[in-house]
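Data block below; observations after.
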Amino acid sequence: MAEDTFKKVIAHAKEYGFVFQSSEIYDGLSAVYDYGQNGSELKENIKRYWKDSMVKLHENIVGIDSAIFMHPTVWKASGHVGAFNDPLIDNKDSKKRYRADVLIEDHIAKIEAKINKDVEKAKKRFGDAFDEKQFRETNGRILERQNKINGINERFVKATSEGDLTEIKQIIIDESITCPVSGSKNWTDVRQFNLMFDTKLGSVSEDADKIYLRPETAQGIFVNYLNVQKTGRMKLPFGIAQIGKAFRNEIVARQFIFRMREFEQMEMQFFIRSGEEDKQFDYWKTLRMQWHKALGLGDENYRFHDHENLAHYAKAATDIEFNFPFGFKELEGIHSRTDFDLSQHQKFSGKKLQYFDPETNTSYVPYVIETSIGVDRMFLAVLSKAFEEETIKKDDGKTEIRTVLRFPPALAPVKAAILPLIKKDGLPEKAREVLNLLKYDFNCQYEEKDSIGKRYRRQDAIGTPFCITIDHQTLEDNTVTLRYRDTMAQDRVTIDDLPAIIDKEVNFKNLFEKLSV
Ligand code: ATP
């Protein structure tokens with residue numbers, strides 16, 4: 001069922017100009033996608049929602065735009081050259097390649113799902129008297145499964161931190177994890193694979209330097225920490241936000257725009273005094289979750305997943321997971337990174353990256369809380385939850401399916417469609433007057449082809465919140481029919497009132513006001 005929905009979302013994304021395969025006429029390039037006329041608008045709106053919520057709503061957060069290419073030593077300092085690896089494993093029968101860590105995580109998720117199923121069943125059986133906490137702590141079968149999960153986790157965390165690839169394979173064997181395609185346990189050894197793309201800088205190949213396409217945008221922020229702090233006269237705590245492309249040579253890239261080789265990130269590094277990291281980590285966890293939930297896609301679709309497997313420098317890390325059509329998966333990461341990154345750059349560059357604190361009269365390397373989210377994953381989250389095939393009753397009693405994208409209005413690619421009822425009698429001219437009134441403030445579409453019903457459906461399919469129909473009465477009294485996407489209700493309103501009515505619905509303020517910044 002969910003699989004079906006996912007397929008439909010992908011097909012819809014293509015049919016209505018949201019997402020195309022890259023270089024499609026050449027049969028595409030694996031895990032690389034292009035955004036079409038509607039997709040690029042939706043993406044821009046997502047970015048604007050994020051950037052404004054950071055920079056406009058916080059006096060102490062500023063934005064930058066750093067280059068994709070960086071000095072190669074940056075990636076040595078950050079640890080990416082040495083350790084930005086994924087453990088890969090092949091199934092010898094299906095010849096499919098997997099990330100060994102993902103196979104183990106999926107296996108754990110299956111056991112967790114069984115626990116949750118038992119809890120749900122018990123909830124139904126016991127009704128109001130049900131005490132979930134007690135049930136989880138005392139039920140034999142649940143305890144057994146939880147112990148199993150803990151055991152696997154413990155081995156996995158240890159093996160990962162020690163880089164013990166033999167042990168990672170052993171976990172897969174001991175847990176009888178099978179290939180989802182062949183169903184067999186015929187695995188190769190686990191190998192490390194570095195995810196960074198490299199290229200050459202300079203025209204003469206012998207002395208050209210090897211450089212990398214950045215695998216994350218965060219390092220561009222760290223290396224500019226002092227530039228921004230000094231030129232912006234920033235005082236701790238303060239943040240630097242940026243949106244930009246990142247590149248990873250992902251081993252497995254199968255889930256549409258969920259895992260791409262070229263993608264876009266929105267990252268914010270918040271520089272703080274040490275000792276404040278727990279408070280700040282909680283603040284950012286709360287705020288980021290509010291940011292997601294403000295969109296109204298359903299609070300039940302989000303959850304935190306705390307990391308067990310912490311990097312040695314990290315104090316805490318959590319993911320905000322979203323209920324994608326293929327289950328709960330990471331949408332955003334929030335990390336408490338101590339002074340690791342700046343200290344590393346200080347060490348490798350030989351330049352001091354410290355903050356002089358006028359309150360304590362001391363200089364030190366600040367701590368960092370990071371929030372990091374993929375634009376494309378956010379796009380997929382919004383698109384998949386907005387997609388609905390609604391069964392509606394027609395006037396003649398028959399039913400039909402209406403495909404509608406219920407985007408949060410602020411994110412909708414097109415805000416209003418302007419539709420003359422027919423192509424003559426001066427209606428197109430009047431409709432263009434309405435377009436001219438609205439086009440400076442809202443992304444509008446003018447359409448005069450096909451019946452009005454068909455035009456409404458096309459706008460529903462791209463998620464346009466308002467359709468404005470100009471008819472003969474408009475020429476007499478300056479009123480139009482305003483049709484709402486979600487309810488399909490229609491109102492007669494005057495043209496002069498349109499800007500205020502539309503603005504009230506689509507303004508980003510509606511979302512920002514839900515954030516306790
Ligand atoms: P995953 O475990 O799914 O590979 P990650 O933990 O490596 O993700 P981070 O390095 O924390 O991800 O990156 C931050 C965010 O960037 C992720 O939460 C995700 O939204 C996005 N992201 C990371 N890799 C990709 C990718 N290959 N395609 C699209 N978005 C990505």
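Counting starts at 1 for both ligands and their atoms, following the listed order. None of the values given here were measured: they were computed from a predicted structure.
Of the protein's non-hydrogen atoms, Arg377 NH1, 3.4 Å is the one closest to atom 19 (C) of ligand 1. Of all protein heavy atoms, the one closest to atom 4 (O) of ligand 1 is Arg259 NH1, 2.7 Å. Closest to atom 14 (C) of ligand 1, if we only count protein heavy atoms, is Ser372 OG, 2.9 Å. Closest to atom 28 (N) of ligand 1, if we only count protein heavy atoms, is Met260 N, 2.9 Å. Closest protein heavy atom to atom 16 (O) of ligand 1: Gln265 NE2, 3.3 Å. Among all protein heavy atoms, the one lying closest to atom 23 (C) of ligand 1 is Arg248 NH1, 3.5 Å. For atom 30 (N) of ligand 1, the nearest protein heavy atom (residue, atom name, distance) is Phe263 CD1, 3.4 Å.
Taking the six-membered ring where tryptophan is involved, the planes of Phe197 and Phe247 are perpendicular, since the angle between them exceeds 60° and thus also 30°. Using bins of under 30°, 30° to 60° and over 60° for the plane-to-plane angle, the ring pair Phe379/Phe18 lands in the perpendicular bin. Using the six-membered ring where Trp is involved, His307 and His335 have ring planes that are perpendicular, over 60° apart on the 30 and 60° scheme.
Using a non-hydrogen distance threshold of 4.0 Å, Glu330 registers as a contact of ligand 1.
Side-chain polar atoms of Asp357 and Tyr364 form a donor-acceptor pair below 3.5 angstrom.
Any N or O atom pair closer than 3.5 Å counts here, and His335 shares no such pair with ligand 1. Between Ile373 and ligand 1, no N or O atom pair is found at a separation short of 3.5 Å. Between Ile257 and ligand 1, no N or O atom pair is found at a separation short of 3.5 Å.
The Phe258 neighbourhood of ligand 1 comprises atoms 28 (N), 29 (C), 30 (N), with distances under 4.0 Å to a heavy atom of that residue. In summary, the atoms of ligand 1 found under 4.0 Å from a heavy atom of Glu250, numbered by their order in the structure, are 24 (N), 26 (C), 27 (N). For ligand 1 and Glu332, the ligand atoms under 4.0 Å from any heavy atom of the residue are 18 (O). In summary, the atoms of ligand 1 found under 4.0 Å from a heavy atom of Arg99, numbered by their order in the structure, are 4 (O).
Ring centers of Phe256 and Tyr33: under 6.0 Å apart, within the cut-off. Separation of the Phe322 and Tyr302 ring centroids falls under the 6.0 Å cut-off.
Across Thr371 and Glu332, no two heavy atoms sit closer than the pair CB-OE2, 3.6 Å. Shown here for Gln265 and Ser372, the closest heavy-atom pair between the two residues is NE2-OG, 3.9 Å.
Residue Lys185 qualifies as open at atom NZ: its count of foreign heavy atoms under 6.0 Å is 12 or below.
Contacts with ligand 1 closer than 4.0 Å are made by no heavy atom of Glu321, backbone or side chain. Counting heavy atoms under 4.0 Å from ligand 1, residue Leu331 touches it through the backbone alone.
With values rounded to the nearest 0.5 angstrom, Ile221 atom CD1 is found 9.5 Å from Glu216 atom CD.
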Test side-chain contact (heavy atoms from CB on, under 4.5 Å) applied to Lys329 and Arg377, step by step: CA-CA 10 Å; Lys329 293 271 182 222; Arg377 275 193 200 175; over 6 Å; no
